[in-house]
Amino acid sequence: MKIIKNIKENYLLIGILTLAAILRFYHIDYQSIWIDEIITMKECDPRLTFKESYDIMLVWENNPIFYYFSVKIFSILFGHTTFVVRMFSAIFGILGVYMFYLIGKEIENKRVGLIAATLASVNYFFILYSQEARVYILLIFLTVFSFYRLIRFIKDSTLKNAIIYGLSMTLMINSHFFGLFLMVSQVVILFVFLYDVEKHKRLSYIINSAIGGALALIIWFYFSWKIFKIAAEIQAFWIPAPTPEVMTVIFKEFFGNSESILFLILLLTVFYFIKIFSTKNKSKRIKDNNLIFGFIIIICWILVTIYIPFLRSYLKIPMLTSRYLIVVLPAIVLLLAVSISKIKTSVIRNSILLLFVIASLTDLIVVKKNYTEIRKSQYREITAKIKEKNKKNDKIVSAWGWHMSYFFNTDPRKETVILKPFEEYVTEIKATKKLEPFWYLDGHFRPYTLSPEAETYLNNNFILLDNLEYFDTWARHYVPKPGAENTISLSIREFEPIKTDNDINILLFSNSTTKSKPIELEKGNYRLAIKSRSIPEVPVNGENAHLTLSVNGKKIGAYFLTEKEEAMNYLEFSIPTKGNYQIELTFDNDLVLDNNDRNALVFSVSVEKI
């Protein structure tokens, strides 16, 4: 009977939490995990010791350990899959909605709590991070929980409440380094309310506040100081330098850049401040006026937390990004909830709230197609296809080698994917002349790109067997051409002096000669392959460009170029002794006639041992 009674009394809250659960659990594993989530999966692998996981965090993370060790324990209990780890986030996403109810009720009343929970349940940003294997939604839960306990402590400054508040702050600052900025905002709030405490209770208030803060800092120092010190010494970061409109951009991201939602927020914010400016505090104590009490909490929460990273972004290193500043979004949600609750006419109040919910769900499901459209790099899908096709276990290379190893190995301590940028790997092959089949895999805003020289080398020495493309990812499978191991491809840039038409081809004019850099050749017979064309597209005075080819000054042949296509010509020659040799190309019949200038264009040069 008691359960039925509780359900009847809290049916609205149950409905809100049910909606939150549906929006967070539905299609939770639809999207592939992206780069940062792969880091989580690798460092939280149950097969690693906690020490091994911690060592990885020192390299790849700038955040404290609480989230990662929590996920590791969760994975030990329920299995280490992306579905399970994302479930961890979804669970705290739902618990976070419940925390909005509690803190809203604590600031004002049950109505504010229900409205805050409703707004949080449909917020795009909260849903986004509730379906991601990263720390942010746990951080939101712990942030709201910590401010909830802060409010409880301010209202009743006992040692018990101080210790519980201290523990809540401990969890918050040990989850993300932005927790420290939140802690500063809480310290400011505690100082503000110091003057609201009766004089005979102020000493107790100060002592208990200090106990709670000391407890949090001692535990933080023990577990997180080393990682924080590494993070504090970073001189360059992936976050771009702030622009004058950076905060506007971030604020819009919090609500999915939905114009209808942002319009409602503008109206509600103006209404909120009108209420603040027009309210009168009849009591000497701030805590006796819920509106002013909540305003001080919310405004300090937002302004102090933002100001420190804002200042640091301009003075030292950029750190303003929406996923970090997500910690102020709960305060904004509370501001909106209080504003809606102050609308006296229930029909208008409920209509505004319903409009907010409908606009949020429309933006989430219809506009952004959150559950039906791929928006994360499809590493899971492309690596599965590579594993299916890679029957001969050809080596796999990627600029994200450490990350991609997650998909290919069974031992988290071994890296089965070679970590190397594409250009660097091609240069290495060229230098070592070790031609082996390989896959190259990349993505996450890194499109296929190679220098003309590297592209030419691959085309001359490898066959492209597979070309895979998935959302924001791509992979290519190369195998050596038959006999390519005996072929030396000469980069166009290795010829001097040189004039190129487009940094790809050699342009020969004015009866000039260009020589390759010295190449080491063994004794034996060789074939020189040269792809070239005469320009312009019609013979000048009935004759095309003529090339003479030599090796270390000794002529090995000559020919006239064709003018309408890139033609390959072959010349054989012998090397009497091992040594360094230079290939020389001489254009020897330059002519300008009737504004037509005869020249030679060379596309590629290679030497093959026969």
Side-chain angles (χ1 to χ4, degrees), residues 16-38 82-83 85-87 89-94 96-97 100 116-140 245-269 320-330 332-333 336-337 352-381 443-445 469-473:
I16 293 167
L17 293 175
T18 301
L19 175 63
I22 292 170
L23 295 176
R24 284 151 180 78
F25 287 142
Y26 182 66
H27 267 199
I28 194 171
D29 210 28
Y30 176 67
Q31 306 284 345
S32 171
I33 57 173
W34 66 294
I35 291 297
D36 282 10
E37 288 182 286
I38 294 170
T82 56
F83 178 81
V85 176
R86 283 175 171 173
M87 282 286 290
S89 293
I91 290 169
F92 276 98
I94 298 165
V97 171
F100 273 97
T118 302
L119 297 178
S121 70
V122 297
N123 179 264
Y124 169 74
F125 228 55
F126 290 152
I127 294 169
L128 181 70
Y129 287 107
S130 292
Q131 294 191 320
E132 187 166 293
R134 292 299 284 170
V135 65
Y136 304 106
I137 204 64
L138 175 65
L139 177 64
I140 288 299
E245 62 277 1
V246 60
M247 294 311 304
T248 303
V249 172
I250 289 173
F251 179 81
K252 289 180 178 179
E253 285 184 34
F254 286 159
F255 298 94
N257 290 295
S258 170
E259 291 185 356
S260 57
I261 297 172
L262 291 170
F263 176 72
L264 286 173
I265 291 171
L266 176 62
L267 292 179
L268 291 170
T269 303
L320 292 175
T321 182
S322 55
R323 75 178 74 163
Y324 291 172
L325 284 176
I326 194 175
V327 293
V328 302
L329 180 53
I332 298 171
V333 170
L336 298 175
I352 292 292
L353 182 59
L354 181 61
L355 189 60
F356 205 104
V357 171
I358 292 173
S360 297
L361 293 179
T362 301
D363 182 64
L364 178 74
I365 299 170
V366 180
V367 178
K368 291 190 171 57
K369 300 178 182 178
N370 191 66
Y371 303 106
T372 57
E373 190 173 274
I374 298 298
R375 52 181 169 74
K376 289 188 177 182
S377 307
Q378 289 185 289
Y379 286 116
R380 178 178 61 195
E381 289 75 12
H444 189 55
F445 309 113
E469 289 191 14
Y470 287 76
F471 182 80
D472 196 31
T473 57

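Formation of a donor-acceptor pair under 3.5 Å by the Ser121 side chain with backbone atoms of Thr118 is found in this model. Between the side chain of Tyr136 and the main chain of Phe125, no donor-acceptor pair closer than 3.5 Å is present. Side chain of Arg24 to backbone of Ala20: a donor-acceptor contact under 3.5 angstrom is found. Checking side-chain atoms of Tyr371 against main-chain N and O of Leu23 turns up a donor-acceptor pair under 3.5 Å. Distance alone, capped at 3.5 Å, is enough to place a donor-acceptor pair between the Gln31 side chain and the Glu373 backbone. Tyr379 contributes no side-chain N or O that, together with a main-chain N or O of Ser32, makes up a donor-acceptor pair within less than 3.5 Å.
The distance from atom CD1 of Ile261 to atom CG of Leu268, rounded to the nearest 0.5 Å, is 12.0 Å. Taking CG from Leu264 and CG from Leu355, the interatomic distance works out to 5.0 Å, rounded to the nearest 0.5 Å. We find the CZ-CG distance between Phe356 and Leu361 to be 11.0 Å, quoted to the nearest 0.5 Å. Distance check: Ile137 CD1 to Gln131 CD gives 10.5 Å after rounding to the nearest 0.5 Å.
Minimum heavy-atom separation, Leu329 to Asn123: CD2-OD1, 3.6 Å. Minimum interatomic distance between Ala90 and Ile28 (heavy atoms only, all atoms of both residues): CB-CD1, 3.7 Å. When all heavy atoms of Leu139 and Val327 are compared, the closest pair comes out as CD2-CG1, 3.3 Å. Between Glu253 and Tyr124, the shortest heavy-atom distance links the atoms O-CD2, 4.3 Å. Pairing each heavy atom of Arg134 with each of Glu37, the nearest pair is CD-N, 4.1 Å. Nearest heavy-atom pair, Arg375 versus Leu128, reported as atom, atom and distance to 0.1 Å: NH1-CD1, 3.4 Å.
When side chains are defined from C-beta on, Asp363 does not count as touching Ser260, because their heavy atoms never get closer than 4.5 Å. Annotation: side chain of Ile332 is in contact with side chain of Phe254 (closest heavy-atom distance under 4.5 Å). Between Leu336 and Thr269 the shortest side-chain heavy-atom distance falls below 4.5 Å. With a 4.5 Å cut-off on side-chain heavy atoms, Arg380 and Asp29 count as touching. With a 4.5 Å cut-off on side-chain heavy atoms, Ile374 and Tyr470 do not count as touching. Looking at heavy atoms from C-beta onward, Asn370 lies out of side-chain contact with His27 at the 4.5 angstrom threshold. Side-chain atoms of Ile94 and Phe25, non-hydrogen and from C-beta on, do get closer than 4.5 Å to each other. Side-chain atoms of Glu132 and Asp36, non-hydrogen and from C-beta on, never get closer than 4.5 Å to each other.
With respect to the salt-bridge test (charged N to carboxylate O, under 4.0 angstrom), the residues Lys376 and Asp472 do not qualify.
The environment of Phe263 atom CZ is sparse: at most 12 non-hydrogen atoms of other residues, nucleotides or ligands sit within 6.0 angstrom.
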